[in-house]
Amino acid sequence: FSEMYMTQCNGLDGKGENCMIYSMKRVGKSWIIQDPVDFCKSDSGHFYGHPALSDDGMQMFFSSDREGGYGGFDIWVSNYTKRGKTWSDPINLGPAINTTGNEYYPYINVHDKMLYFSSDGWPGAGGLDIFKIKPTEDITIWEKRTNLQTPMNSGGDDLGITFNTEDANSGYFSSNRGTKRNNFDIYRFYIEPCSIT
């Protein structure tokens, strides 16, 4: 827990044009921002954001409108190379996840090992809906995609889901549902276990 990744838009001086993914190092009780990750540095003409690490820290999932996608923002992955201490060229996660619309906020759930993301390109309740999908050994091939349905999804935008590390049945997400179309709130959720009688 001495390193994290974040989205920073418009550069550190506020004069840049796009969003990039930066790393931060913990030094004592402070966090020091580092340079953008390599694939952002070499492609400053596109937007990069919403970084999420796999449980072992060796894969970074993120959203970008970089070339080679299916349209809008897609979910991509980059692999960490220990020898070079760098992140590899990004790989698009493929058409089971990405659409001509927008896909944002990837998140790997440590409990069920599924990838969660938000999309406005797949049928849903409206706006951005949260989906989950199961990986295979090939990072570009995924098993059945599932919409989380209501009450998790709404007619507004629902995004940024995270699960508690100690509890597989609770977590948080953001939504502008109801009358909050221009403002997002953080919601807590609980998954009620099935009762079979």
Side-chain angles (χ1 to χ4, degrees), residues 1-9 18-24 34-43 46-82 84-122 124 128-148 152-153 157-165 168 171-174:
F1 300 103
S2 61
E3 185 174 18
M4 66 177 169
Y5 294 86
M6 67 167 194
T7 306
Q8 166 71 38
C9 297
N18 296 333
C19 300
M20 293 188 181
I21 298 170
Y22 288 77
S23 64
M24 296 187 75
Q34 308 292 306
D35 290 335
V37 295
D38 295 333
F39 55 80
C40 290
K41 275 194 218 175
S42 60
D43 183 23
H46 293 94
F47 286 80
Y48 291 84
H50 316 151
L53 293 179
S54 58
D55 193 34
D56 61 4
M58 299 304 290
Q59 291 180 307
M60 181 193 298
F61 297 84
F62 61 91
S63 182
S64 177
D65 63 349
R66 65 181 279 133
E67 291 180 11
Y70 291 83
F73 282 79
D74 281 6
I75 306 293
W76 302 74
V77 66
S78 175
N79 297 302
Y80 187 71
T81 307
K82 283 186 178 179
K85 295 184 177 178
T86 59
W87 290 97
S88 70
D89 289 337
I91 301 166
N92 189 288
L93 295 192
I97 293 173
N98 295 313
T99 67
T100 55
N102 297 297
E103 283 70 46
Y104 301 116
Y105 298 96
Y107 172 76
I108 296 287
N109 184 355
V110 296
H111 302 292
D112 62 12
K113 308 303 180 194
M114 289 198 182
L115 173 72
Y116 289 71
F117 65 98
S118 291
S119 173
D120 61 12
W122 297 107
L128 289 166
D129 273 17
I130 303 172
F131 294 81
K132 66 179 180 179
I133 194 165
K134 188 175 180 182
T136 67
E137 291 184 3
D138 184 338
I139 198 66
T140 62
I141 298 174
W142 299 77
E143 293 185 9
K144 185 181 177 184
R145 179 185 58 258
T146 305
N147 184 304
L148 296 195
M152 292 296 291
N153 288 317
D157 292 322
D158 306 289
L159 46 90
I161 191 170
T162 62
F163 283 78
N164 289 317
T165 347
Y172 302 88
F173 68 100
S174 296

Under the side chain to side chain contact (heavy atoms under 4.5 Å, CB included) criterion, do Ile161 and Met152 qualify, and how do the steps go?
-> CA-CA 10 Å; Ile161 191 170; Met152 292 296 291; 3.8 Å; yes
Could you check Met58 against Lys82 for side chain to side chain contact (heavy atoms under 4.5 Å, CB included), going step by step and ending with a plain yes or no?
-> CA-CA 9 Å; Met58 299 304 290; Lys82 283 186 178 179; 3.9 Å; yes
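- The number of heavy atoms from other shown groups lying within 6.0 Å of NZ (Lys134) does not exceed 12.
- Taking every heavy atom of both residues into account, Arg145 and Phe117 meet most closely at CD-CZ, 4.1 Å.
- Closest approach of Ile108 and Leu115 over heavy atoms only: CD1-CD1, 3.7 Å.
- With values rounded to the nearest 0.5 angstrom, Ile130 atom CD1 is found 13.5 Å from Thr146 atom OG1.
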List the steps, then state whether ring pair (Phe, Tyr, Trp, His ring centres under 6.0 Å) holds for Phe39 with Phe62.
-> CA-CA 12 Å; Phe39 55 80; Phe62 61 91; 4.8 Å; yes
Go through Tyr48 and Asp43 one step at a time and tell me if the side chain to side chain contact (heavy atoms under 4.5 Å, CB included) criterion holds.
-> CA-CA 10 Å; Tyr48 291 84; Asp43 183 23; 2.5 Å; yes
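- No side-chain donor-acceptor contact under 3.5 Å links Asp65 to the backbone of His46.
- A distance below 6.0 Å separates the ring centres of Trp87 and Tyr5.
- Pairing each heavy atom of Asp35 with each of Tyr22, the nearest pair is C-CD2, 3.8 Å.
- Between Thr140 and the options Asn92, Ile91, Leu93, a side chain to side chain contact (heavy atoms under 4.5 Å, CB included) holds for only Ile91.
- Residues Asp56 and Gln59 share a closest heavy-atom pair of OD1-N, 4.3 Å.
- To the nearest 0.5 Å, atom NZ of residue Lys132 and atom CG of residue Asn109 are 8.5 Å apart.
- Aromatic ring pairs are classed by plane angle as parallel below 30°, tilted from 30° to 60° and perpendicular above 60°; the pair Trp142 and Phe61 is perpendicular.
- Atom OH of Tyr70 is separated from atom CD1 of Ile75 by 13.0 Å, given to the nearest 0.5 angstrom.
- In this structure, a donor-acceptor pair under 3.5 Å is absent between the side chains of Thr136 and Asp138.
- With values rounded to the nearest 0.5 angstrom, Ser63 atom OG is found 11.0 Å from Leu159 atom CG.
- The two residues Ala96 and Trp122 have their closest heavy-atom pair at O-CZ2, 3.7 Å.
- Between the side chain of Ser118 and the backbone N or O of Tyr104, no donor-acceptor pair lies under 3.5 Å.
- With ring centers used as reference points, Tyr116 lies under 6.0 Å from Phe163.
- Between the Ser88 side chain and the Ser78 main chain, no donor and acceptor come within less than 3.5 Å of each other.
- A side-chain donor-acceptor contact under 3.5 Å links Asp120 to the backbone of Asn102.
- Using a 4.5 Å cut-off on side-chain heavy atoms (C-beta onward), Ile21 and Met60 make contact.
- Between the side chain of Thr7 and the backbone N or O of His50, at least one donor-acceptor pair lies under 3.5 Å.
- Within a 6.0 Å radius of CG in Asp89, other residues, nucleotides and ligands contribute 12 heavy atoms or fewer.
- Across all their heavy atoms, Asp74 and Gly69 have their closest contact at OD2-CA, 3.1 Å.
- With hydrogens and angles ignored, the 3.5 Å screen pairs no side-chain donor or acceptor of Asn18 with any backbone N or O of Phe47.
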Just do the side chain to side chain contact (heavy atoms under 4.5 Å, CB included) check on Tyr172 and Asn164 with the steps written out, would you?
-> CA-CA 8 Å; Tyr172 302 88; Asn164 289 317; 3.5 Å; yes
